There are 2 protein chains.
Amino acid sequence: MPAPKRDHLIATAQRLIAREGFKGVSVDRLLQEAGVAKMTLYKGFKTKDELILEVLRRRDSELRDWFMRSVESASDDPRERLLAGFDALEAWAARPDFNGCLFVSALSEYGDDSAPAHRAAREHKRLLLDYVVGLCRDAGLPDPETTGRDLRLLMEGATVARLTLGQTDSYQRAKAMAKSLIDKQRV
Amino acid sequence: MPAPKRDHLIATAQRLIAREGFKGVSVDRLLQEAGVAKMTLYKGFKTKDELILEVLRRRDSELRDWFMRSVESASDDPRERLLAGFDALEAWAARPDFNGCLFVSALSEYGDDSAPAHRAAREHKRLLLDYVVGLCRDAGLPDPETTGRDLRLLMEGATVARLTLGQTDSYQRAKAMAKSLIDKQRV
DNA sequence: CAGCAAACAGACGGACCGGTCTACATGCCC
DNA sequence: GGGCATGTAGACCGGTCCGTCTGTTTGCTG
């Protein structure tokens, strides 16, 4: 299958899944929405589950790449980079089709730890945490592991607040809390 | 339908939904798991969707009642009550069948604002926020609306951190941030 | 223009979906 | 013990699920 068509399938799947859940999107509906024939899908993917996994993999690299690029282009100061993460996520969540974090959704729909989608989601969150912890380390913070987790907690909280309450300034609120958290640790 | 059987059905549905998602649990499977006949279910509920709504309603009152009771029995000091909310949620998330917040899951599976489950979930979050804002007001905080939202953000973040990273101390970390947030506002 | 691979639409199979219905078992009240 | 409501198991319905298969159309290549 040519790459553009494959991308289009994955992107359409992601869009539908975001609004209706992984198990709420049927293959038939996806194909109709994407304007792709069934055989084309099954030539590129063994099963629906494999397509879903590919959606998650694609989203993982997309999101982390974009997060890292945003953060690193925002500033050279490691401490400012930490805070820039909140601005990046704010822009991400401002997209009209935002419906919370796809990986959190994946975990709630695939509660079984052995499910591939479950593992992929946890892996994504782990990698994101590792990156933030690295930023904390670069910033010379005394306990990068703990502070990294705290910052991630703030980011996740902002995402949920945005989703559940439509709170558009949630990331800025989280950023303010992050700032005071970091400032408190200055030696 | 007698109340105990109805409760059992709702409780079983909630347990299954928490692990497999709303759309991942079929009526047949639910009945098998609950040991209840189909006609019994459809005597008590018009459709599967109505059962799901009842699950959410039940969970909403259960969770808020329990949250309020925990908070109010923890202390008479409004400021300490705010912090006690984190301990309450920690105990809630420590249950072995914890799989994130059911209402956040509902929002991600029912992205359409007009879906009853979507509305129920938003309503729940709104009521919870209102309660926390009330606590902030009782504590005499200068901007109870904003601080209430910030505290809720911390709680949600802790829940997601617990789910995605298995971070067992997430609520205590959030509580520490909440404490510094509140202390900062002391006049 | 001929030939061919690939994408197309859509029928199809077996399983399962939500929901209705029948027939049998159980227990309770008079 | 007879009548009756209630719960049971499970057949059944039309529809949809995932995945396979068959033809037809398309568009590229020699």
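Computed from a predicted structure; not experimentally measured. The analysis underlying the following values was restricted to heavy atoms, covering all of them including side chains, and did not include hydrogens, waters or symmetry mates. Residue numbers start from 1 in every chain, and the chains themselves are labelled A, B, ... in the order their sequence lines are given, proteins ahead of strands.
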I need the NE2-C1' distance between His8(B) and dG7(D), as an integer number of Å.
14 Å
What does the list of N/O pairs under 3.5 Å between the protein and nucleotides 23-28 of chain D look like, with a distance for each?
none

Phe22(A) CZ to dC18(D) C1': how many Å, rounded?
18 Å
Starting at atom CG of Leu31(A), determine the distance to atom P of dC17(D), rounded to an integer number of angstrom.
11 Å
Roughly, in whole Å, what's the span from CG in Leu16(B) to P in dC17(C)?
13 Å
Charged N-O contact under 4.0 Å between Glu109(B) and Lys23(A)
no
Can we say Glu54(A) and Arg57(A) salt-bridge, meaning some charged N sits less than 4.0 Å from an Asp/Glu carboxylate O?
yes
Please report, rounded to the nearest Å, how far the P atom of dC17(C) is from the CD1 atom of Ile52(B).
13 Å
For Val104(A) against Thr164(B), the heavy-atom pair lying closest together
CG2-CG2, 4.3 Å
Contact list for residues 7-42 of chain B, test ring pair (Phe, Tyr, Trp, His ring centres under 6.0 Å), sequence neighbours left out
Phe22(B)-Tyr110(B)
What is the separation between atom NZ on Lys43(A) and atom P on dT20(D), rounded to the nearest whole Å?
12 Å
Could you label the plane-to-plane angle of the Phe103(A) and His124(A) rings as parallel, tilted or perpendicular, counting under 30° as parallel and over 60° as perpendicular?
parallel
Which residues satisfy the side chain to side chain donor-acceptor pair (under 3.5 Å) test with Asp130(A), sequence neighbours excluded?
none
Please report the C-alpha distance between Phe45(A) and Leu53(A) in whole Å, then the side-chain angles of each, then the deciding distance to 0.1 Å, and finally whether the side-chain contact (heavy atoms from CB on, under 4.5 Å) criterion is met.
CA-CA 10 Å; Phe45(A) 304 93; Leu53(A) 260 184; over 6 Å; no
Would you please name every residue forming a side-chain contact (heavy atoms from CB on, under 4.5 Å) with Gln172(B), sequence neighbours left out?
Asp87(B), Glu90(B), Lys175(B)
Protein-nucleotide distance (Lys23(B), atom NZ; dT16(D), atom P), rounded to Å
16 Å
Only counting residues at least two apart or in another chain, list the ones meeting side chain to side chain donor-acceptor pair (under 3.5 Å) with Arg122(A).
His118(A)
For dC8(C) and Thr40(A) - does any side-chain N or O of the residue sit under 4.0 Å from the phosphate oxygens OP1/OP2?
yes
Do nucleotides 18-24 of chain C as a string where each nucleotide becomes B, S or -: B if the base has a protein heavy atom under 4.0 Å, S if just the sugar-phosphate does, - if no protein is that close.
BBBBB--
Tell me the interatomic distance from Lys5(B), atom NZ, to dT6(D), atom C1', rounded to whole angstroms.
10 Å
